[in-house]
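Written out below as structure tokens is the structure these notes cover.
In what follows, every heavy atom counts, from backbone to side chain, and hydrogens, waters and symmetry copies are set aside.
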Amino acid sequence: MISNDYEKWVAAAERLLTPLVEKMRPGAASLPLEGMASNHGAVADGLESFARPCLLAGHWLAAQGGERAGFSRAQVAEWFRAGLLAGTAPLKKNYWGAVTNYHQHSVETGALVLALEMARDWLWTPLTASEQQQVLRWFRTVRGTGLHRNNHLFFGVVPLCFLIREGAASKEDSALVLRWMDVLESMYLDHGWFIDGMNETVDHYNAYAFHYYGLWWGKLYGSLDEPRAARWKKWAGLFLQDYAHFFAASGENVPFGRSLTYRFAASAPFGLAHHCGVRTLSPGMSRRLCTQNLDFFLDRLPPSQPLSIGWTDEFPALAEAYSCAGSPYWAAKAFAPLLIAPDDAFWQAPQEPIPAEGVPFSRAMPAAGLVIRSTEGAVELLNTSSGICPGNTAFGTYKWGKTSYRTGVGFEVRAPDGTFPQDAALTAESEDGIIYGRHSTHSLKCADDEAAMVYVLGDKTSRFCTQVESRVWWRNGWQLQLHRFAAHQPARLMVGAYSLAAAEESLLRVEQKNLFVCATNGAQHVALQGLSGWDSARTIKHAGSDGRTHLLAANSVYPVLQTGWMKGDGQLLCLSYCGAEPATEWIVESCDEKSVMLRSADGAIWSVSL
């Protein structure tokens with residue numbers, strides 16, 4: 001029996017395909033999606049607008065039922081087959097061109113291969129032998145191209161393995177694939193976590209890049225090295241034990257890292273892992289994680305429009321330079337559940353609560369340098385070890401470098417005038433007015449009850465340098481933050497609370513009493529309380545009329561504590577709050593360089609050794 005959840009997922013895929021089908025034109029090898037252009041060029045953007053929707057279509061074509069949106073599988077498959085042939089024909093005007101060194105084309109070959117594999121009967125088998133050879137010749141152009149030394153190596157591995165499977169590879173290609181897999185495995189940290197190679201970051205790319213392609217490689221091509229395939233399945237199982245904690249009761253995954261516009265791609269490894277035989281999580285929990293995450297976004301996105309750059313709505317400022325109008329369709333990876341038979345336990349077992357729906361937890365992941373904790377159904381991430389490489393700073397180091405990230409509140413991006421965002425982070429201002437945020441960070445402690453890190457606020461061009469050691473403790477919605485610093489030039493240090501957003505500026509309200517500042521948008525409350533080292537408090541407001549800066553809405557506000565101009569060594573101590581209820585100021589029982597004892601309004605004592 002086909003479950004209601006299965007039918008719901010088929011309908012969701014059709015909902016996302018509907019505006020794309022409306023844009024399909026005979027003879028085209030791309031979809032005319034409206035939106036920003038990437039730094040890869042128009043041809044690459046056109047390929048991306050074809051390949052990623054093709055991956056979405058592949059999942060739907062492989063599923064059962066549906067066809068209630070006014071188009072059939074036969075129609076969709078025919079258009080993609082024709083587009084594939086148009087894009088891979090060198091003498092045709094729509095030719096995508098060869099894959100070349102370090103270019104976006106290689107990324108899209110990975111999406112296309114997986115679409116062809118999962119929907120072979122619709123997309124690959126109907127092609128004639130000569131048509132298949134034409135496509136294979138185009139895939140072969142990836143052979144020998146330069147690939148970024150990170151997750152991009154999979155975009156050499158996957159098409160070459162497809163060539164091997166189809167008998168179109170060179171005799172050395174199997175060895176080349178395994179060498180690339182060796183390099184990918186050199187990025188392994190521990191307990192299922194990878195560092196993204198030369199990007200030097202740990203974020204959601206673990207989910208929808210490393211484990212996504214690692215699981216697919218094992219399922220499709222693991223016969224090349226069966227022990228290696230088993231190893232990747234084991235790693236995926238370990239990863240999912242941690243990763244299940246990244247999703248709030250609302251279904252939202254904590255917004256953190258780059259490529260956030262891929263949205264529900266975050267849930268991709270859960271269904272795929274089950275499809276590949278990994279049973280770390282129960283079927284009922286895996287399905288609930290996937291469904292909650294998909295629903296969170298689809299309930300907030302326009303039902304009849306293509307996916308846009310943004311998070312819960314269109315927000316182009318969230319994009320990276322490599323983003324284009326077709327980029328959000330990497331979200332198609334989330335539809336792996338449609339590859340699981342409707343009578344499987346994944347669909348038939350009762351749903352089970354996800355971790356954030358249970359008792360509050362705090363879970364340290366030392367290998368990744370991350371701590372994830374829950375409170376009131378939300379999840380909060382503290383990042384103690386983001387090594388943001390110089391090449392990635394252009395994407396916005398605030399996507400990794402804030403003290404913490406939390407579902408339900410979002411965060412600030414760089415302002416239109418270039419000002420570095422100050423929410424949920426310690427920042428430093430130099431005498432010439434430049435604000436410096438955290439870049440490369442080194443973990444000192446990553447535990448269930450404390451996070452500690454060391455970093456420098458500054459850059460090599462200005463040679464501005466303020467060394468910082470930050471420590472964070474937590475209790476319910478509160479964080480206790482200690483920042484020890486050494487300012488080598490005059491600096492003004494600032495710490496911000498989480499930023500709250502609202503569609504209407506009038507919904508944002510602020511209250512201040514000396515060094516205790518509260519803000520609310522009606523649904524959420526934040527607060528900052530200065531304990532020692534701070535000179536003043538203020539709030540930063542951004543109005544949509546001046547250029548939107550917040551992930552969730554046009555208007556935003558957050559409290560900030562700041563020092564006077566400092567040089568030399570010092571220590572700062574503060575409390576930061578976020579929750580559904582208003583904050584109440586803590587009473588300081590004692591506070592010195594070695595310890596602090598606080599008493600809440602209801603008499604609870606919080607004592608911490610510094």
Side-chain angles (χ1 to χ4, degrees), residues 3 5-6 9 55 58-59 62-63 110 113-114 117-118 151 154 157-158 161 181 184-185 187-194 202-247 253 264-294 330 332-356 363 365 367-368 370 372:
S3 69
D5 278 353
Y6 186 89
W9 273 79
L55 184 62
H59 288 90
V113 165
L114 293 184
E117 290 280 25
M118 66 180 65
N151 70 84
F154 275 118
V157 166
V158 171
C161 284
M181 292 297 291
L184 285 161
E185 292 189 26
M187 302 172 200
Y188 186 68
L189 297 168
D190 196 7
H191 210 269
W193 287 94
F194 290 80
V202 178
D203 54 26
H204 284 98
Y205 272 79
N206 273 260
Y208 49 60
F210 281 94
H211 289 294
Y212 183 80
Y213 292 105
L215 285 167
W216 268 121
W217 181 84
K219 184 172 184 64
L220 296 172
Y221 314 119
S223 59
L224 287 174
D225 188 338
E226 292 181 355
R228 190 190 301 267
R231 186 160 62 243
W232 279 81
K233 287 178 66 174
K234 176 184 176 182
W235 288 342
L238 292 170
F239 172 73
L240 293 181
Q241 291 175 0
D242 285 339
Y243 190 54
H245 296 77
F246 280 59
F247 296 77
N253 51 291
F264 42 93
S267 63
F270 296 109
L272 180 59
H274 187 93
H275 180 54
C276 295
V278 177
R279 297 292 187 267
T280 301
L281 302 181
S282 68
M285 181 185 290
S286 293
R287 184 171 88 255
R288 184 164 181 81
L289 278 163
C290 294
T291 302
Q292 293 279 86
N293 189 235
L294 180 70
W330 249 32
K333 295 179 178 183
F335 281 87
L338 290 183
L339 305 177
I340 303 170
D343 61 355
D344 188 275
F346 182 91
W347 296 110
Q348 298 297 330
Q351 287 196 20
E352 296 180 19
I354 67 175
R363 187 180 183 95
M365 294 157 278
L370 305 174
I372 193 84

Strictly distance-based, threshold 3.5 Å: is any side-chain N or O of [X] a donor or acceptor partner for the main-chain N or O of [Y]?
X    : Y    : result
R287 : F346 : yes
R228 : G222 : no
T291 : R288 : no
K233 : G218 : no
H245 : D242 : yes

Examine W217 together with F154 and report whether their ring centres are nearer than 6.0 Å. no
Minimum heavy-atom distance [X]-[Y], with the two atoms named:
X    : Y    : result
L114 : Y212 : CD1-CE2, 3.6 Å
A349 : G284 : CB-N, 4.3 Å
G271 : I340 : O-CD1, 3.5 Å
M285 : P353 : CE-O, 3.3 Å
A207 : A266 : CB-O, 4.0 Å
H191 : Q241 : CE1-OE1, 3.5 Å

Quick one, L224 with M181, criterion side chain to side chain contact (heavy atoms under 4.5 Å, CB included). Give me CA distance, side-chain angles, the key distance, then yes/no. CA-CA 11 Å; L224 287 174; M181 292 297 291; over 6 Å; no
With a 4.5 Å heavy-atom cut-off, do H275 and L215 have their side chains touching? no
Side chain proximity check, L55 to M118, heavy atoms < 4.5 angstrom: yes
With sequence neighbours excluded, what pairs up with D203 under the salt bridge (Lys or Arg N to Asp or Glu O under 4.0 Å) test? none
Parallel, tilted or perpendicular: ring planes of Y208 versus H204, cut at 30 and 60 degrees: parallel
As an exercise, state the distance from [atom1] of [X] to [atom2] of [Y], rounded to the nearest 0.5 Å.
X    : Y    : atom1 : atom2 : value
N151 : L184 : CG    : CG    : 8.0 Å
N293 : F247 : CG    : CZ    : 5.0 Å
T280 : L240 : OG1   : CG    : 6.0 Å
D5   : Q351 : CG    : CD    : 5.0 Å
N206 : F246 : CG    : CZ    : 8.5 Å

Quick one: list whatever passes ring pair (Phe, Tyr, Trp, His ring centres under 6.0 Å) with Y6, sequence neighbours left out. W347
Going by the rule ring pair (Phe, Tyr, Trp, His ring centres under 6.0 Å), which residues pair with F194 if we only count those two or more places apart in sequence or in a different chain? Y188, F210, H211, W232, W235
Could I get the full list of side chain to side chain contact (heavy atoms under 4.5 Å, CB included) partners for A368, not counting sequence neighbours? W193, V202, M365, L370
Holding to side chain to side chain contact (heavy atoms under 4.5 Å, CB included), I want the full list of residues that pass it with A244, two or more places apart in sequence or in another chain. F270, L281, L289, P355
Any pair counted as salt bridge (charged side-chain N to carboxylate O under 4.0 Å, His left out), so long as it reaches residues 338-356, sequence neighbours left out: none
Side chain to side chain contact (heavy atoms under 4.5 Å, CB included) between C290 and L294, worked out: CA-CA 6 Å; C290 294; L294 180 70; over 6 Å; no
